[in-house]
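Remarks on the structure that follows.
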Amino acid sequence: LKREKLAMEEFELAIMKGQNRLPNAPSNWEKVDTLKSIGEAYLEIGQDRTALQYFQRAEEIVDDGWQKGVIMSLIKDIGKE
């Protein structure tokens, strides 16, 4: 139980850091990567709807075809649950 609490705290810290980094991301790919990372952290703590919102924001601005495919896969996986 203590490990789970520590893990939750780590993911919450990662989310906070990502949210702080997002407005200052100097390039589009860094914004996409940050949005994706925040979404992945939300997935890990069971907040699928919030994760989906971050993935959708990333998908809206992504330029790279490979990265777009990765993000679309994450969105589809959430839809399967």
Side-chain angles (χ1 to χ4, degrees):
L1 186 63
K2 187 171 182 165
R3 255 188 207 170
E4 289 177 16
K5 184 179 179 195
L6 288 174
M8 180 74 83
E9 289 173 0
E10 287 294 319
F11 284 116
E12 289 172 351
L13 181 61
I15 290 166
M16 187 174 58
K17 285 181 179 181
Q19 289 171 335
N20 289 336
R21 186 174 59 234
L22 190 58
N24 301 315
S27 66
N28 192 52
W29 73 266
E30 288 176 289
K31 287 178 184 170
V32 170
D33 189 57
T34 301
L35 288 166
K36 182 177 160 283
S37 294
I38 294 170
E40 289 169 333
Y42 274 116
L43 272 183
E44 289 295 327
I45 61 173
Q47 294 188 22
D48 294 2
R49 283 186 154 193
T50 304
L52 180 61
Q53 292 171 351
Y54 279 92
F55 293 147
Q56 288 171 333
R57 285 176 59 193
E59 193 268 331
E60 289 173 2
I61 65 170
V62 68
D63 294 327
D64 179 59
W66 177 82
Q67 185 76 321
K68 187 174 189 90
V70 170
I71 294 166
M72 292 303 295
S73 178
L74 290 165
I75 290 171
K76 286 179 188 175
D77 286 346
I78 291 173
K80 291 178 184 176
E81 295 178 2

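This one's a predicted model, so the numbers in the text were calculated from it and none came from an experiment. These numbers come from the heavy atoms of this one structure, side chains and all, not from hydrogens, waters or symmetry mates.
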May I have the step-by-step check of side-chain contact (heavy atoms from CB on, under 4.5 Å) for Val62 and Leu35, ending in yes or no?
CA-CA 10 Å; Val62 68; Leu35 288 166; over 6 Å; no
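The shortest distance between side-chain heavy atoms of Ile78 and Leu43 falls below 4.5 Å. At a threshold of 4.5 Å between non-hydrogen side-chain atoms, the residues Leu52 and Gln56 count as touching.
Counting all heavy atoms, side chain and backbone alike, Gly39 lies closest to Ala51 at O-CB, 3.2 Å.
No single ILVMFWY cluster, assembled from side-chain heavy atoms under 4.5 Å apart, contains both Leu22 and Met16.
Under the salt bridge (charged side-chain N to carboxylate O under 4.0 Å, His left out) criterion, the residue pairs touching residues 64-75 are Glu59-Lys68, with sequence neighbours excluded. Among residue pairs with one or both ends in residues 3-31, none qualify as ring-ring contact (aromatic ring centres under 6.0 Å, His included); sequence neighbours excluded.
Checked by atom type and distance alone, the side chain of Ser37 pairs as donor or acceptor with a backbone atom of Asp33 at under 3.5 Å.
With sequence neighbours left out, Thr34 forms a side chain to side chain donor-acceptor pair (under 3.5 Å) with Arg21. Under the rule for a side chain to side chain donor-acceptor pair (under 3.5 Å), Asn24 has no partner lying at least two apart in sequence or in another chain. Remark: Tyr54 engages Tyr42 in a ring-ring contact (aromatic ring centres under 6.0 Å, His included) (not counting sequence neighbours). Annotation: salt bridge (charged side-chain N to carboxylate O under 4.0 Å, His left out) contacts of Lys17 (sequence neighbours excluded): none. With sequence neighbours excluded, the residues that form a salt bridge (charged side-chain N to carboxylate O under 4.0 Å, His left out) with Lys36 are Glu40.
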Which pairs would a plain distance check flag for residues 2-9, meaning a side-chain donor or acceptor within less than 3.5 Å of a matching protein atom at least two apart in sequence or in another chain?
none

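Rounding to the nearest 0.5 Å places CD of Gln53 at 12.0 Å from CD1 of Ile38. Between Ile45 atom CD1 and Ile15 atom CD1 the span is 4.0 Å, to the nearest 0.5 Å.
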